[in-house]
Amino acid sequence: MDLSSFDLIHILPFVAVGFAAQVVDGALGMAFGVISNTLLMSLGVPPAAASAGVHSVETFTTAVSGISHAVHRNVDWKLFLRLMIPGVIGGALGAYVLSNIDAAVVKPFILMYLAGIGVYLLIRALRHRPNVREPKIVEPLGLIGGFLDAAGGGGWGPVVTSNLLAQGAAPRLTIGTVNTAEFFLTATISATFITQMGWAAFTMATVGLLIGGIFAAPFGAMLAKRVPPQKLLLMVGIIVTLTSLWGLYNAFK
């Protein structure tokens, strides 16, 4: 990154995207990686470099977001440990795979699965109030979510949050816990990318995302605490469905 080429005007769009993406991510437990990666790759950034840059930014934004969720008592610490440890393992494996192998082949199948989950969540939110139950499948979700987040350039929130909600977990605590665990995941993924690729992916675009994301991080936690569970479930369903269908469209066009 060449600091002599720093231009505030050119990074403002990335600041705006980082701010908007982090507000959505903090409130709904997903979307920062998906939105940011889509933007960077649309500008011609290679998938591995885009994922590395976004995860470097998320190391900072998820730290602020996690602290905010903890302050607002949005974290289930038992669930946090069950997600964080396998998530870190899966993230390290996924970052290594993406740095050395093209993992795009499986992405359409993952997106089709997530689109189905999104529709299911929409139906649950619209037909009846969600009944809170303790989720039974947690550790495998952490492992798979961590791997896909690194290898696919985003996936921790969509995979983990949506599946926990589909099992009946409480929306506010699920979103806060998944966001807090994500800090350890992104730190591990970023460290793995750095060992494989160096610092080349940390560009002015990622600086813009970082500035916007850090400013927005506290607002998402406040929204997650104040929005009713049924509305949270509905919004998560909408985000998962739309982002998955958009990803499928780009994968097959």
Side-chain angles (χ1 to χ4, degrees), residues 1-3 5-69 71-72 74 91 95 149-150 152-158 160-161 175-176 178-191 193-194 197 199-224 227 235-236 238-240 242-243 246-247 250:
M1 181 176 66
D2 182 10
L3 291 177
S5 64
F6 184 87
D7 187 337
L8 180 61
I9 299 299
H10 285 126
I11 73 165
L12 280 177
F14 297 103
V15 173
V17 169
F19 187 93
Q22 184 55 43
V23 169
V24 174
D25 192 276
L28 302 182
M30 65 187 70
F32 187 89
V34 173
I35 294 171
S36 302
N37 269 286
T38 300
L39 170 71
L40 292 180
M41 286 191 288
S42 70
L43 295 175
V45 179
S51 185
V54 170
H55 281 98
S56 298
V57 171
E58 285 188 303
T59 302
F60 297 94
T61 58
T62 54
V64 178
S65 180
I67 292 169
S68 300
H69 277 294
V71 168
H72 288 283
N74 294 342
D149 195 82
W156 174 256
V160 179
T161 302
I175 290 166
V178 170
N179 265 273
T180 304
E182 190 175 12
F183 163 72
F184 297 91
L185 171 71
T186 54
T188 301
I189 292 171
S190 297
F193 273 128
I194 289 169
M197 299 174 60
W199 292 93
F202 203 76
T203 64
M204 280 298 161
T206 59
V207 173
L209 295 175
L210 175 61
I211 294 170
I214 286 179
F215 275 109
F219 296 104
M222 289 189 287
L223 287 172
V227 177
M235 288 188 286
V236 170
I238 291 171
I239 291 292
V240 172
L242 291 180
T243 55
W246 175 251
N250 286 304

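Computed from heavy atoms alone, side chains included, the values below leave out hydrogens, waters and symmetry copies.
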Next on the checklist: Checking I211 against I11 for the side chain to side chain contact (heavy atoms under 4.5 Å, CB included) test, could you report, in this order, the C-alpha distance in whole Å, the side-chain angles of both residues, the deciding distance, and whether it holds?
Outcome noted: CA-CA 10 Å; I211 294 170; I11 73 165; 4.1 Å; yes
Next on the checklist: Show, in sequence, the C-alpha distance, side-chain angles and deciding distance for W156 and T186, and conclude whether the side chain to side chain contact (heavy atoms under 4.5 Å, CB included) test is met.
Outcome noted: CA-CA 10 Å; W156 174 256; T186 54; over 6 Å; no
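When all heavy atoms of F19 and A216 are compared, the closest pair comes out as O-CB, 3.2 Å. Between A221 and N74 the shortest heavy-atom distance is O-ND2, 3.3 Å. Scanning all heavy atoms of the two residues, the minimum distance from T180 to F184 falls at O-CD1, 4.0 Å. S68 approaches P218 most closely through the heavy-atom pair OG-CA, 3.5 Å. Among all heavy-atom pairs drawn from T161 and I175, the shortest one is CG2-CG1, 4.2 Å.
Side-chain atoms of H69 come within 3.5 Å of backbone atoms of G26 as a donor-acceptor pair (strictly under, hydrogens ignored). Looking only at distances, a side-chain donor or acceptor of N179 sits under 3.5 Å from a matching main-chain atom of D25.
Partner of V57 under the side chain to side chain contact (heavy atoms under 4.5 Å, CB included) criterion, out of V54, T59, T61: T61 alone.
Rounded to the nearest 0.5 Å, atoms CG (L210) and CD (Q22) are 10.5 Å apart.
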